[in-house]
K.L.:
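Here it is: the structure, laid out below.
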Amino acid sequence: MALTDQARAPAPQPGSGFGVFSRVPGAWWATGFILLLMPLVAGNFWLFQVFGWSFCLGIIALSLMFLAGYGGMVSLVQMTVAVLAGYVVAILGNSGVEQISVGLSWWLYVPLAILIATGFATLVGALAVRTEGIYTIMITLAIASAFFYFTRQNYGIFNGYSGFNLVVPPRLFGVDWRQPTAFYYLSLGGAAVCYAAVVYVSRSPFGLALQGVRDNPRRMASLGFNVTAHRIAAYAFAGVVAAIGGILLVWQTSQVAPYSGGIAAVIDILIIAVVGGIRRPIGAFVGAFIFVLLSTFSPDVLSAFGLSNERFKLVIGVGFLVVVFFSPDGALGLWERWRARRRSAVDPLTGKAVAGGGP
Amino acid sequence: MTEFARRNPFWSLVIVVLAAAFLWLIVAPWSPGLEETLGRKRVFLNAIFGGLTLGALYFLVASGFTLIFGLMRNVNLAHGSLYLLGGYLGYTISTATDQWLITFPVVFVLVALVGLLMQHQVFRRMEGEELRQTMVTIGLSVVLADLMLWIWGGQSYTIQSPDWLSGPATLPIVAGVGSNGAPIYMRFPQVRIAILIAAIVIGVGMWIVLTRTRLGMLIRAGVDDREMLAASGVRINYVFLAVFGFGAGLAGIAGMVGGTFQSLSPGEDTRFLLASLVVVIVGGMGSIPGAALGALIIGLVEQIGLVYAPTYSVVFTFLIMAVVLAFRPQGLLGAGR
């Protein structure tokens, strides 16, 4: 599980007060330092293609994790929100399609992209919270595919089938943010901020109320909490996170097209969140790292076994099935179970597995 | 129906007036003024009939989906894959044997077997865990899609319809007036008419089975209260198996139908999954008449939208879904949850 350690934690946030520092466990400091010093050892390909991409996908999966893990709402629309943010960046900023792109400066289009995508997410949330459980999956999936077909057909704004290319981050402070090292730190920073925000919100009164709503909406309603408002607010917050991930993703791939938000991409995000472990925020990044490793290297491995290298979707799908079958908690669940078993092996008196571990 | 009319006299009147106007638009020859605002009548009629056949196809796909959902609370997101699988199998078998009609039962049985396998080997093991079942269907759809891409490749196929169904039929509906003043009647592909009739027959048959037979009674009881039905001694797993197999087989047949009058290619599975989702959301989850109504609405809207506002036809579909969700979350004909 060395892989999980690397992608385990974004840099810990040096928050206010010194009490925060002493409460952070040592393993987190270690992963933080490893991640911060990664550019010293890793090559450009690893920094940009593997880690950069993992962080972008991880942020989007994190927004799904927030909704599903804390709100109990499995929303398949998060990738769509992210892609919408990417589209806004491409339309309002600069891209290769000059007749559509407006060419505003970055301090205008980045907030606008987040704002518009969040508005969209809130709207979808307002629709989706009218339903529960599996209905939410159906409705968000329908909305996501409607968005996909719409962008594919609309040429006036979304430039139809081909979408936008050459969408690059702005040159800021004399740094080209698309350089591997710069982008690595940019996406790492984004991931750390989003992770910290999700952890913070989940422990705030709002987050606790949201978890109460997840566990028993009726009781929370009778306690005077507005269940619908909490759920819609959760969608809005997840929308902000997804929008940040989407902006980073469009800068990483430098293009956005209908297929960025197609059904396959939407389901990829679900797979990432579930494979990593949907109960913990860090699971999103673990899942994204596993997904990126698989999609980057499985063609080589597959062709080494004499299979066509296009079969990587099969590998991903089967892996997803195996995880859903055997470990509903994803890779993190496996890891925790393994630790629990080791601990129980050390303690032969009770003969019972020590449940769980960690916070 | 009568109860609805008694409770909402105003809305019933509106519906009746709209339906009458619609019928008049179809039957009556159009005046030049009308043609100026709405375009050629032939275009309009083609859109309507195209919408009807598309709705019939959607109904075939969505009825299995809604049946499975209603009974087992299992959102089978691999339903689109079953559709595409049926289409591919139908293509392979019908080109090999050159028997279009006989391919249907074969495809039905084959895809139903796949469905039985899924229900027996996968979903039965995680009964009651709806979310996990749904996730598994997502994983299955990914795996099936890639397997089909592996076997049949990325090109698109069209299933040849038999000779006795090729060519257009003339319908007794006036499409326009020729230069010599004689009425021109509407012509429409025979295959599509056959599909429309077949869908209606299947729909009526399902309705009869559901309301008039013992099996239908069991299914309806299972939809209403699964635990109580199991407690009263019915071996509900067999009912589940039967319904899942039937729903899957229906999706397979629909794939064959869709492959005949449209085409089959990777990506069609998600298209029809989306269609069944929207149809079922609009019509009401778990209700066969709801699926019929939803399929009719979505098919018509999609075709009419395609003719009169090509860019936004998807948006219309989506808008209908959003409006239904906003004002009647259980769907038009769905029972309250």
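In what follows, chains carry the letters A, B, and so on, assigned in the order in which the sequence lines appear, proteins first and then strands, with residues in each chain numbered from 1. Note that the coordinates shown come from a computational prediction; the quantities given were computed from them, not determined experimentally.
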K.L.:
As an exercise, state the distance from CG of A:L76 to OG1 of B:T134, rounded to the nearest 0.5 Å.
P.N.:
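Between A:L76 CG and B:T134 OG1, I get 10.0 Å after rounding to 0.5 Å.
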K.L.:
Check whether B:L77 gets within reach of chain A through its side chain, its backbone, both or neither, counting any heavy atom under 4.5 Å.
P.N.:
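Just its side chain gets close to chain A.
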K.L.:
With side-chain contact (heavy atoms from CB on, under 4.5 Å) as the test, would you mind laying out the steps for A:Y149 and B:T317 before giving the verdict?
P.N.:
CA-CA 11 Å; A:Y149 285 110; B:T317 325; over 6 Å; no
K.L.:
Which bit of A:I139 is near chain B, if near means a heavy-atom gap under 4.5 Å: side chain, backbone, both or neither?
P.N.:
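The answer is both parts of A:I139.
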K.L.:
Going by side chain to side chain donor-acceptor pair (under 3.5 Å), name the pairs with one or both residues in residues 60-86 of chain A, residues two or more places apart or in two chains.
P.N.:
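Checked against side chain to side chain donor-acceptor pair (under 3.5 Å) - neighbours excluded - the pairs reaching residues 60-86 of chain A are A:S63-A:Q78, A:S75-A:Q78.
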K.L.:
Are more than 12 heavy atoms, taken from residues, nucleotides or ligands other than A:R219, located less than 6.0 Å from that residue's CZ atom?
P.N.:
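Open.
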K.L.:
Please identify each residue that fulfils salt bridge (Lys or Arg N to Asp or Glu O under 4.0 Å) with A:R214, with sequence neighbours left out.
P.N.:
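Here no residue qualifies.
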K.L.:
Can you tell if the side chain of A:I263 reaches within under 4.5 Å of the side chain of B:L273, non-hydrogen atoms only?
P.N.:
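In short, these two side chains do not touch, never coming nearer than 4.5 Å.
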K.L.:
Go through B:L274, B:V122, B:V142, B:L144 and name the one with the most non-hydrogen pairs under 4.5 angstrom from chain A.
P.N.:
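Result: the option with the highest number of such pairs is B:L274.
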K.L.:
Tell me, side chain or backbone of B:V136 under 4.5 Å from chain A's heavy atoms, or both, or neither?
P.N.:
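Its backbone and side chain both get close to chain A.
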K.L.:
Heavy-atom distance under 4.5 Å to chain A: side chain of B:F65, backbone, both or neither?
P.N.:
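For B:F65, the contact with chain A is made by the side chain alone.
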K.L.:
Which residue out of B:L277, B:V278, B:V280 racks up the most heavy-atom pairs below 4.5 Å with chain A?
P.N.:
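Result: the option with the highest number of such pairs is B:L277.
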K.L.:
Checking heavy atoms, do the side chain of B:M135, its backbone, both or neither come under 4.5 Å from chain A?
P.N.:
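For B:M135, heavy atoms of backbone and side chain both lie under 4.5 Å from chain A.
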K.L.:
Quick one: are A:F148 and B:T270 in side-chain contact, heavy atoms under 4.5 Å?
P.N.:
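No, side chains not in contact.
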K.L.:
What heavy-atom pair brings A:V318 and B:V143 nearest, and what distance separates the two atoms?
P.N.:
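Closest pair (atom of A:V318, atom of B:V143, distance): N-CG2, 3.6 Å.
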